[in-house]
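Here's the structure, in structure tokens; my notes come after.
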2 protein chains.
Amino acid sequence: MQAELIFTGTELLLGEVLNTHAQYLSQQMAALGIEVILHTTVGDNWDRLAEAFEIALRRADLIVITGGLGPTSDDLTKDIVARVLGLPMLPDGQTLQLLREFVDRRGSSLSESMARQAYFPAGARVLPNPAGTAPGALLEYQGRIIILLPGPPRELKAIFEASVVPYLISLGNRGMVTRTRLLKMTGISESEVQERIGNLGGQGNPGIAYLAKPGEVHVRISAQAPSVAVADRMIDELLEKVRQRLADYVFGMDDEVLEEVVGKLLVKKGLTCALAESCTGGLVAARLTSIPGSSAYFWGSVVAYDNRVKEKVLGVPAGVLETHGAVSRPTAIAMAEGVRNLMGTHLGLSITGIAGPGGGTPVKPVGLTYIALATAEGTTCQEFHFPGHRQAVRQGAANAALNMIRLHLLEQLKAGN
Amino acid sequence: MQAELIFTGTELLLGEVLNTHAQYLSQQMAALGIEVILHTTVGDNWDRLAEAFEIALRRADLIVITGGLGPTSDDLTKDIVARVLGLPMLPDGQTLQLLREFVDRRGSSLSESMARQAYFPAGARVLPNPAGTAPGALLEYQGRIIILLPGPPRELKAIFEASVVPYLISLGNRGMVTRTRLLKMTGISESEVQERIGNLGGQGNPGIAYLAKPGEVHVRISAQAPSVAVADRMIDELLEKVRQRLADYVFGMDDEVLEEVVGKLLVKKGLTCALAESCTGGLVAARLTSIPGSSAYFWGSVVAYDNRVKEKVLGVPAGVLETHGAVSRPTAIAMAEGVRNLMGTHLGLSITGIAGPGGGTPVKPVGLTYIALATAEGTTCQEFHFPGHRQAVRQGAANAALNMIRLHLLEQLKAGN
């Protein structure tokens with residue numbers, strides 16, 4: 001079954017309101033195994049909604065229209081649907097009764113505009129609104145299903161969950177469910193990912209999609225099948241092949257974030273860590289501490305933005321800063337060892353780089369970053385060049401720093417230490 | 001001028017991603033006086049995008065398509081536009097050169113998939129991407145304007161603001177314009193703001209809208225008029241009244257962020273600052289250092305997540321920690337004075353609180369936070385109770401900390417110090 005969603009409301013076209021219905025209804029449809037092929041948003045405009053509805057009728061099995069069911073003159077949806085399908089508008093007795101009770105309680109009488117909410121295209125099933133006065137409606141028309149829902153999010157969700165979900169489930173096996181998994185990588189570019197796994201297929205079913213984030217690449221694997229079990233099996237098979245080709249670049253799945261993965265590994269190894277941050281300015285500490293329970297393994301960070309702090313607090317020798325500069329391998333190493341000594345943790349990680357926009361030179365361009373990791377066994381340091389602007393360089397450096405801890409701990413686990 | 005917006009990306013139809021582009025671009029168009037008549041969202045699907053584009057070409061003067069400009073095989077937009085318009089795809093020399101430099105810096109070579117980003121429909125104007133590798137494009141074709149923008153929000157906005165806005169403005173007067181200004185506040189609740197300015201009008205034109213953010217309240221004032229000058233005058237009159245009623249709660253306008261306002265005040269006073277962060281875990285430092293040039297006034301932060309770091313690095317007396325606990329007025333004061341002494345800055349600011357979800361007690365519940373500011377004249381400390389979950393408490397604490405510096409500096413400026 002293929003669905004199209006039509007959202008009505010001039011406020012959406014003016015950007016006054018964020019269209020959260022699009023995400024909510026799309027998620028619900030995916031969970032029900034219904035493929036959404038198109039979203040359309042139109043204003044409170046007779047011709048445009050009529051045209052969008054006519055086009056959708058030619059393409060989709062299921063059409064959901066949101067908004068325009070209320071009492072005011074810009075609420076046009078039911079009239080337009082009736083006109084396009086050639087149906088008369090008829091009153092629904094029960095809805096009229098509920099509206100009368102509603103206005104009675106408020107001590108007023110039923111106005112003509114209020115009463116419009118009780119009129120529906122002939123043959124429509126009325127979907128009661130537990131959260132407001134405008135009911136939804138459902139029409140089966142020449143093999144198509146048309147569902148009308150009110151615009152206010154609370155009312156839309158209440159009707160969808162109370163009436164629409166049971167109806168769609170009652171249609172029985174609609175053939176296909178869609179399942180997806182997200183594979184998250186860092187330390188590799190989007191195009192490199194595609195070159196490594198591009199010939200695994202993934203243009204059809206199951207499918208592979210690529211999403212680039214600052215410092216990360218996500219690969220989405222999706223599959224359609226008659227059952228969840230079969231779809232999951234299709235995904236798992238492809239996932240295994242993708243994993244093999246991308247190995248240690250993969251840090252997590254689905255909702256997992258890098259700082260959480262690093263935290264779990266530190267707990268597993270029973271290790272503590274401290275940071276010395278220059279260009280990332282506290283970003284890595286903020287990410288690590290965003291995870292509840294991080295106080296078990298993260299002791300603290302010295303954000304050494306000024307060279308005097310690098311020297312005085314972290315103990316970077318003045319000679320090193322003078323000879324090599326703040327953004328250099330020797331400074332990174334001294335910072336990592338300095339914070340490890342200062343705080344007395346198992347690991348000390350440092351980041352020093354040029355985030356831009358100023359501060360770059362031909363020899364040390366914007367993006368150049370050194371990241372060092374000090375452990376009981378010694379200190380390693382890596383040079384990176386992060387592309388893009390200030391925030392992209394900072395995010396790239398933060399990801400690379402977290403990834404350096406991750407890879408170190410993975411190696412230790414592999415070596416059985 | 002009438003515009004249609006087409007969003008591409010299967011992740012939108014699956015509900016994995018909220019379509020924030022729809023709101024951003026619609027707001028931008030409204031501000032430019034361009035009427036948006038329709039939004040369409042399609043997946044990464046050749047036929048559906050081609051059909052949506054063909055339909056839009058028949059209706060709209062301006063068509064904006066987002067997404068699908070990257071290097072991978074599901075990036076189809078430019079090829080589809082070229083096919084529908086009957087144009088060949090041609091390489092752009094400058095883009096190719098930039099891509100070569102980009103891969104050179106990373107020590108790799110230009111792959112075929114990367115190079116696809118440098119091909120455009122013949123006659124397209126290339127819109128440089130200051131935030132990524134995939135440029136946008138602009139085509140004028142038989143009286144229609146077609147604009148292609150990349151999907152990542154930062155890149156889309158960067159290109160839109162740098163290239164598209166100036167181009168659309170250069171097309172000249174398009175009738176009514178909508179102008180908006182955003183007034184940003186902290187340290188006050190949304191309902192309190194509404195009570196103070198609710199009777200100023202703002203239900204019509206000009207209009208007032210309220211937006212609550214973690215730790216901030218934004219008030220949007222908008223006006224429609226035949227010219228920018230008239231709309232701006234309408235806004236300015238209302239703005240002045242709103243400002244009078246909210247006084248020092250207002251920290252900035254439009255794109256200004258609190259950390260930037262604090263930075264400007266520090267520069268104005270010629271002062272330097274250092275931080276001692278516990279529950280915010282580096283968040284305040286990360287925000288201050290997100291501003292280019294912050295090294296002029298921000299020297300560093302000690303993220304003292306573990307009590308041993310509070311004691312050893314910041315010099316908080318063990319007795320204070322034992323008697324009063326880490327989240328207490330005396331500890332906050334000792335942290336602020338400790339970091340000011342350690343780094344030798346004019347100001348020392350500390351934050352210690354219980355972010356949750358764990359760690360709360362009846363006496364010290366989740367959300368309890370002490371923020372202290374140490375200066376040459378002495379140290380002040382305030383107690384706060386921030387509502388909500390871990391990230392909301394941390395954001396609330398970060399905002400309150402930055403605001404404490406802001407108010408201190410404003411007072412100094414008023415006193416003529």
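Predicted model only: the values in this text are computed from it and were never measured. Throughout, protein chains are lettered first and strands after them, A, B, ... in sequence-line order, and every chain is numbered starting at 1. Values reported hereafter were calculated over all heavy atoms of this structure, with side chains retained and with hydrogens, waters and symmetry mates removed.
For the pair B:E101/B:R105, a side-chain contact is recorded, criterion being any heavy-atom separation below 4.5 Å from C-beta on.
Inspection of non-hydrogen atoms places B:V17, B:L18, B:N19, B:T20, B:Q23 of residues 17-24 of chain B under 4.5 Å from chain A. Contacts with chain A (heavy atom to heavy atom, under 4.5 Å) involve these residues of residues 45-53 of chain B, listed by number: B:R48, B:E51.
Taking CD of A:Q395 as the start and CG of A:L283 as the end, the distance is 5.0 Å to the nearest 0.5 Å. With rounding to the nearest 0.5 Å, the separation of NZ in A:K310 from OG in A:S278 is 3.5 Å. Taking CZ of A:F384 as the reference point, atom CG of A:L368 lies at 11.0 Å (rounded to 0.5 Å). Taken from OH in A:Y297 to SG in A:C273, the straight-line distance is 8.5 Å, to the nearest 0.5 Å.
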Donor-acceptor contacts, no H, no angles, side chain residues 29-40 of chain B, under 3.5 Å, sequence neighbours left out:
| from | atom 1 | to | atom 2 | distance (Å) |
| --- | --- | --- | --- | --- |
| B:E35 | OE1 | B:Q2 | NE2 | 3.0 |
| B:H39 | NE2 | B:S26 | OG | 2.9 |

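The candidate from A:T272, A:L342, A:L25 with the greatest count of non-hydrogen atom pairs under 4.5 Å with chain B is A:L342. When each of A:S290, A:G43, A:G282, A:G388 is checked for heavy-atom pairs under 4.5 Å with chain B, A:S290 comes out on top. Ranked by heavy-atom pairs shorter than 4.5 Å toward chain B, the options A:R59, A:R220, A:R308, A:Q391 are led by A:R220. Highest contact tally toward chain B, considering only A:V302, A:V193, A:I6, A:L14, is held by A:L14 [criterion: heavy-atom pairs under 4.5 Å]. The greatest number of non-hydrogen atom pairs below 4.5 Å with chain A, out of B:G151, B:S111, B:G70, is found for B:S111. Ranked by non-hydrogen atom pairs under 4.5 Å with chain A, the options B:D74, B:T72, B:V309 are led by B:T72. Ranked by heavy-atom pairs under 4.5 Å with chain B, the first of A:S301, A:G300, A:S191 is A:S301. Contact count versus chain B (heavy atoms, under 4.5 Å) is highest, among A:L288, A:L275, A:L5, A:L12, for A:L12.
A side-chain hydrogen bond (donor to acceptor under 3.5 Å, both in side chains) check over residues 5-16 of chain A, counting only residues at least two apart or in different chains, returns the pairs A:T10-A:D44.
A:R181 contributes no side-chain N or O that, together with a main-chain N or O of A:D254, makes up a donor-acceptor pair within less than 3.5 Å. With hydrogens and angles ignored, the 3.5 Å screen pairs no side-chain donor or acceptor of A:N341 with any backbone N or O of A:G338. Side chain of A:H389 to main chain of B:P130: a donor-acceptor pair is present (N/O by atom type, distance under 3.5 Å, no hydrogens or angles). Listed for the B:R390 side chain is no donor-acceptor partner under 3.5 Å among the backbone atoms of B:A355. Although no hydrogens or angles enter the test, the distance criterion places a donor-acceptor pair under 3.5 Å between the side chain of A:T352 and the main chain of A:A326.
Both the backbone and the side chain of B:S294 come within contact range of chain A, judged by heavy atoms closer than 4.5 Å. The part of B:R394 that comes within reach of chain A is its side chain, from C-beta onward, which places non-hydrogen atoms under 4.5 angstrom from that chain. At a 4.5 Å heavy-atom cutoff, the contact between A:V313 and chain B is made by side-chain atoms alone. With a 4.5 angstrom heavy-atom cutoff, A:I291 touches chain B only via backbone atoms. Neither the backbone nor the side chain of B:F7 has a heavy atom closer than 4.5 Å to any heavy atom of chain A. For a residue to count as touching a neighbouring chain, one of its non-hydrogen atoms must lie under 4.5 Å from one of that chain's; by this rule A:V42 touches chain B with backbone and side chain alike. Heavy atoms closer than 4.5 Å to chain B are found nowhere in A:E277, neither backbone nor side chain. B:I55 touches chain A through its side chain: at least one heavy atom from C-beta onward sits under 4.5 Å away, while N, CA, C and O do not.
Judged by distance alone, the side chains of B:Q117 and B:T133 do bring a donor and an acceptor atom under 3.5 Å apart. B:E155 and B:N129 share a side-chain donor-acceptor pair at under 3.5 Å.
Counted within 6.0 Å of CD on B:E112, heavy atoms from surrounding residues, nucleotides or ligands total 12 or fewer; the atom is thus considered open. By the 6.0 Å contact criterion, CG on A:D255 is open, its count of non-hydrogen atoms from other residues, nucleotides or ligands being 12 or less.
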Any chance you could lay out the side-chain contact (heavy atoms from CB on, under 4.5 Å) test for A:I188 and A:R196, step after step, and finish with the verdict?
CA-CA 11 Å; A:I188 187 166; A:R196 289 199 185 204; 4.1 Å; yes
